[in-house]
Amino acid sequence: MCGIVGYIGQRSALPVLIDGLRRLEYRGYDSAGIAYANGEGIGIHKTMGRIDDLKNILPAPLPEARVGLGHTRWATHGAPSDRNAHPHETGGVAVVHNGIIENYQQLKARLIAEGHEFASDTDTEVIPQLISSYMQKGFHFEEAMRMAILDLKGSYALGIMSASAPGKLFAVRNGSPLVVGFGPGEFFFASDIPAFLAYTKKFAFMEDGQIFTLAAGEEARLERLETNGNSGGNSGKRPPEPELKIVEIDWTAEMAEKEGYDYFMQKEIYEQPATVMETMREWLDDPMEMLRTMGITPKMILGLRRLHIAACGTSYHAALVGKYAIESLAHIPVEVEIASEFRYKHLLVEKNSLFVSITQSGETADTLAAQREAGKKGAHTLTICNVVGSTASREADSVLYTRAGPEIGVASTKAFTAQMAALCLLAVALGVKRGRLIADEAETLTGQLKKMPLLIEKALAAGPHVKEVAASVTGARSMLYLGRGINYPIALEGALKLKEISYIHAEGYPAGEMKHGPIALIESGLPVVVVIPMGSLFEKTLSNIEEVKARGGRVIAVTDEPASLQGKADETIPVPSTHPVLSPFVNVIPLQMLAFHTGVIRGNDVDKPRNLAKSVTVE
Ligand code: F6R
């Protein structure tokens, strides 16, 4: 939700900032802007639209500057427009912001009463206005900045610079992600690592209530910052200054490029054989080692009465697959909840229970809040997370990293299969430790998991056929997705992908639930995607197909048993067979491709679907 960048050093700042913004565009894309400081004061260029639109309004040649800020916006307060685009500047102070200032209306009213005039409808503009109002009252810029921050309530990652301190850049974090990159004599900051991977692999992950002061050629200064949430306690003692920890990241700049594909989403779909294997590689030969490394003790496992998982969106669907896998392999009851619901309900999380958050970004506000709530109740918190150093990974008691690499396409694909891989390994390890899975069964499962890259390759081979099917549904107003058991979450995920990318309305249902209502939706030609693997539920799902056909629906079956569906389904998309618990891995692939091709054929920007942003860092 909004991407912010900053640079200070010896390079020409504008190309660096624009490059960084381009790589963060998945975080928001309704307006963009940059600010820079040089001998002539602060210059600002901003516009409604995307980074390409910003490039089109920049003067040629680009203004020379060694320091600057940039922003790509996902609108929260104020419609997408030139005037609401960041950076916002008042009295020579320029600010970019990701997050929400919850008390901006009170602050704005106070400032207006003091005679300040606002140029935008955003919550952000109160920040430079506040700073300059304190400066007008005689405070030095840095003092004014700190006082203004103390006035703010809400979540924010901020980049700030001032014409009165042209050699300095300030990065502030309170509730929204921010990383600082280190190069020789230069600094970068960004909402997310991919922004500057081409320039550095060394990053520090900021914590809430911290401020970095960055000046070219000098040591970076990291300090604790007083904010509205941490302004004191009553001990009277100031906590120690934070320690600067720089982490070397093993992602490469190429990983965040399209590498010959037309779209990131397409590249990420095709990367799945590799990303699933990368996620499992370390643990496949001994899933128990995974539990040991995470500090999950045999005592805790044997004492578990149930397990809680919370996540949002696609990660929530992975959680549902995890529930089926853990319940069937380890016989531990699993409660799965949407994180935004979990955080506000009466929590029945026992002390010493296990709470799992699943999050690609590690920055989703609701998932972080759910994790914190579970932690407060005394649960051991484990996060299944894709971004090393993210907030979820820093705050959880244990981390199980998915190794999917940077996911840039806004619609999640490779993170989903990586999350399922981590959960299946967890299910196997818990099953063995609880004595519910004998060694032979565990070996069969890990043997099938080892073959998963190959099986996913085979599922991907249906791409050209799926593209034809996509062409046949592009005119649909609505679609249904049906599945049963562990493939019910796959029906949900297929429907979510289609909605996000093609803007066709779609619903996922457990196939057995059709007769309880949704069957009323079926009319002549309605495309109904049915996930129907061979297994104990095959016959039952076949009956559901008959019911759809009898009412004129057009059945598109995803199956490892195409022969048995001849004459029953209108289209069959074949996938390879595998262990029933692992069938979601192969079944989701055609559904991802169906959504992708449908979106492309409909002329949508599938990497940046309308109204969405990759990391939902606000509630
Ligand atoms: C859908 C999608 C979202 C995310 C959700 C959670 O394609 O990408 O539904 O899955 O916003 O994000 P993370 O996993 O980063 O917490």
Side-chain angles (χ1 to χ4, degrees), residues 1-3 26-28 74 176-177 191-194 263-266 268-269 272 275 279 309-322 336-343 356-372 382-393 395-396 399-402 404-420 422-423 481 489-490 492-503 506 508 588 591-596 598-599 604-619:
M1 306 235 123
C2 299
Y26 59 85
R27 298 181 63 91
W74 187 88
S176 299
S191 304
D192 209 349
I193 304 164
Y263 298 91
F264 280 110
M265 182 179 178
Q266 186 184 24
E268 288 160 6
I269 289 173
Q272 291 176 103
T275 49
T279 298
I309 313 183
C312 299
T314 289
S315 298
Y316 168 72
H317 297 155
L320 291 174
V321 171
V336 175
E337 232 150 331
I338 290 176
S340 54
E341 294 295 322
F342 182 94
R343 63 183 292 191
V356 183
S357 68
I358 305 180
T359 169
Q360 185 283 129
S361 60
E363 302 294 350
T364 300
D366 286 319
T367 308
L368 291 175
Q371 181 175 298
R372 287 173 192 143
L382 158 66
T383 187
I384 296 180
C385 179
N386 196 43
V387 179
V388 175
S390 58
T391 307
S393 70
E395 293 186 4
V399 188
L400 179 50
Y401 281 113
T402 46
E407 191 179 62
I408 310 287
V410 165
S412 183
T413 52
K414 63 176 180 172
F416 178 69
T417 44
Q419 290 163 346
M420 291 198 299
L423 285 160
Y481 284 70
I490 297 306
L492 292 176
E493 176 59 9
L496 176 62
K497 286 288 91 89
L498 191 84
K499 282 185 265 210
E500 287 179 289
I501 301 302
S502 73
Y503 316 145
V588 76
L591 305 192
Q592 294 172 341
M593 294 194 293
L594 183 63
F596 168 76
T598 309
N604 300 343
D605 182 345
V606 297
D607 280 340
K608 300 187 191 88
R610 69 183 180 203
N611 303 339
L612 293 174
K614 182 87 185 146
S615 287
V616 184
T617 52
V618 294
E619 266 192 66

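When a ligand or atom number is given, it counts from 1 through the structure's own listing order. Computed from a predicted structure; not experimentally measured.
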Fill in: Residues in the immediate environment of ligand 1 (any heavy atom closer than 4.0 angstrom)
Cys312, Gly313, Thr314, Ser315, Thr359, Gln360, Ser361, Thr364, Val410, Ala411, Ser412, Lys497, Glu500
Worksheet item: Tell me, do Lys614 and Gln360 make a side-chain contact under 4.5 Å, heavy atoms counted?
Response: yes
Fill in: Partners passing salt bridge (Lys or Arg N to Asp or Glu O under 4.0 Å) against Asp366 (at least two apart in sequence or in another chain)
Arg343
Worksheet item: In chain order, what residues pass the ring pair (Phe, Tyr, Trp, His ring centres under 6.0 Å) check against Tyr316, with sequence neighbours excluded?
Response: none
Worksheet item: Under 3.5 Å, is there a donor-acceptor pair linking the side chains of Thr413 and Gln592?
Response: no
Worksheet item: Are Lys414 and Glu407 close enough for a salt bridge, meaning some N to O gap below 4.0 Å?
Response: no
Discussion item. Going by the rule salt bridge (Lys or Arg N to Asp or Glu O under 4.0 Å), which residues pair with Glu500 if we only count those two or more places apart in sequence or in a different chain?
Written reply: Lys497
